[in-house]
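Read the structure below first, then the notes.
The shown structure was predicted, so the numbers you read here are calculated from the model rather than taken from an experiment. Reckoned from all heavy atoms, side chains included, excluding hydrogens, waters and symmetry mates.
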Amino acid sequence: QVQLVESGGGLVQAGGSLRLSCAASGGIFRIMDMGWYRQAPGKQRESVATITRGSSTNYADSVKGRFTISRDNAKNTVYLQMNSLKPEDTAVYYCNAKISYGTSRPVDYWGRGTQVTVSS
């Protein structure tokens, strides 16, 4: 059973920094893309940043220049360094991993989420 466990969320003042981590464990064959998504109250879940197995990255326009996604394939872990945080970054942040089991399409797995609150 694959599990994604996020850590690193919390309360921070505007302008501050946080680093999120997400470790995958369980029946993993090969992790393809990994990413971070977020959902604020009353809003739909949105993509924040994604990273391929080869470390190509993609960011939402709202976080470009402030957030950095990275991964450690040996540890099955993805990170999100968040700097210059703004109150509008407040949300529950979810980790996502697409895991390949061979010739079939990769399967999506999600973490339970970690709360990030940025005070003004």
Separation of [Y] [atom2] from [X] [atom1] (nearest 0.5 Å):
X: S119; Y: L11; atom1: OG; atom2: CG; value: 5.0 Å
X: S25; Y: Q3; atom1: OG; atom2: CD; value: 5.0 Å
X: R66; Y: N83; atom1: CZ; atom2: CG; value: 9.0 Å

**Request:** Establish, yes or no, whether a centroid distance under 6.0 Å links the rings of W110 and Y37.
**Result:**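 Between Y37 and W110, which both carry aromatic rings, the centre distance is below 6.0 Å.
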**Message:** Pair S21, E6 - check side-chain contact (heavy atoms from CB on, under 4.5 Å), show working.
**Reply:** CA-CA 6 Å; S21 299; E6 301 109 333; over 6 Å; no
List the atom of [X], the atom of [Y], and the distance in Å for their closest heavy-atom pair.
X: D89; Y: Y93; result: O-OH, 2.6 Å
X: Q39; Y: A91; result: O-CB, 3.5 Å
X: W36; Y: I69; result: CD1-CD1, 3.8 Å
X: I31; Y: R53; result: O-NH1, 3.0 Å
X: C95; Y: L4; result: O-CD1, 3.8 Å
X: T90; Y: V118; result: OG1-N, 2.9 Å

Side-chain heavy atoms of [X] within contact of [Y], under 4.5 Å:
X: S17; Y: Q81; value: yes
X: V92; Y: T114; value: no
X: L80; Y: V48; value: yes
X: F67; Y: L85; value: yes
X: Y79; Y: C22; value: no
X: N76; Y: M34; value: no
X: D33; Y: T50; value: no
X: M82; Y: V116; value: yes

**Request:** Would you confirm whether R30, through its side chain, and S100, through its main-chain N or O, come within 3.5 Å as a donor-acceptor pair?
**Result:**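 Absent.
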**Message:** For K64, is there an ion pair with D61 - N to carboxylate O distance below 4.0 angstrom?
**Reply:**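 Answer for the salt bridge query: yes.
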**Item:** R38/E46 salt bridge by N-O under 4.0 Å criterion
**Value:**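 Yes.
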**Request:** Consider only side-chain N and O atoms of T117 and Q115, and report whether a donor and an acceptor are under 3.5 Å apart.
**Result:**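 Distance-only check passes for T117 and Q115.
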**Asked** Can you find a side-chain donor-acceptor pair between D72 and T77 that sits under 3.5 Å?
**Response**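 T77 and D72 do not have a side-chain donor-acceptor pair below 3.5 Å.
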**Cation-pi, Y94 ring and R45 (6.0 angstrom, 45 degrees)** =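 Checked: cation-pi criterion met.
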**Request:** Fit a plane to each ring of Y109 and Y101, take the angle between them on a 0 to 90° scale, and name the class: parallel (under 30°), tilted (30 to 60°) or perpendicular (over 60°).
**Result:**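 Judged by the thresholds at 30° and 60°, the geometry between Y109 and Y101 is perpendicular.
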**Asked** Shared ILVMFWY cluster between L20 and V5, side chains joined below 4.5 angstrom?
**Response**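 Per the 4.5 Å side-chain linkage, L20 and V5 are not co-clustered.
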